[in-house]
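Just follow the structure's listing: the first ligand is 1, and inside any ligand the first atom is 1.
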Amino acid sequence: MSVPEELLKIMVCTVCRSPLEDQGDTLRCVGCGVRFPVQEGVPVMLPEAAIPAPDGGEEAS
Ligand SMILES: [Zn+2]
């Protein structure tokens, strides 16, 4: 089950406020790369629930 497009469009990452993309059972932030779990079709947008990006990708050094 995925998140309705209308809902996805108005939601932003609670960490960096970038848009999110639906990845099925998670929503991935296009900005910082964290993922938020989707439980029974309901995205859990709590910063505490965020799954960190695997290895940054675009870290400033
Ligand atoms: Zn983010």
What's the spacing between [X] [atom1] and [Y] [atom2] if we round to 0.5 Å?
X	Y	atom1	atom2	value
Asp25	Gln39	CG	CD	10.5 Å
Ile10	Leu20	CD1	CG	11.0 Å
Glu21	Cys13	CD	SG	12.0 Å

So which protein N/O/S atoms does the Zn ion (ligand 1) have within less than 2.8 Å?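 Within the sphere that stays under 2.8 Å of the Zn ion (ligand 1), the protein atoms of type N, O or S are Cys13 SG, Cys16 SG, Cys29 SG, Cys32 SG.
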
Within the distance-only criterion (no hydrogens, no angle test), does the side chain of Thr14 pair as donor or acceptor with the backbone N or O of Met45 below 3.5 angstrom?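 Indeed, once roles are kept as given, a pair shorter than 3.5 Å links the two residues.
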
Which of these, Leu8, Val34, Val44, sits in a side chain to side chain contact (heavy atoms under 4.5 Å, CB included) with Leu27?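 Single side chain to side chain contact (heavy atoms under 4.5 Å, CB included) partner of Leu27 among Leu8, Val34, Val44: Leu8.
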
Closest approach of Cys32 and Ala53, non-hydrogen atoms and distance?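 Nearest heavy atoms, Cys32 then Ala53: O-CB, 3.8 Å.
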
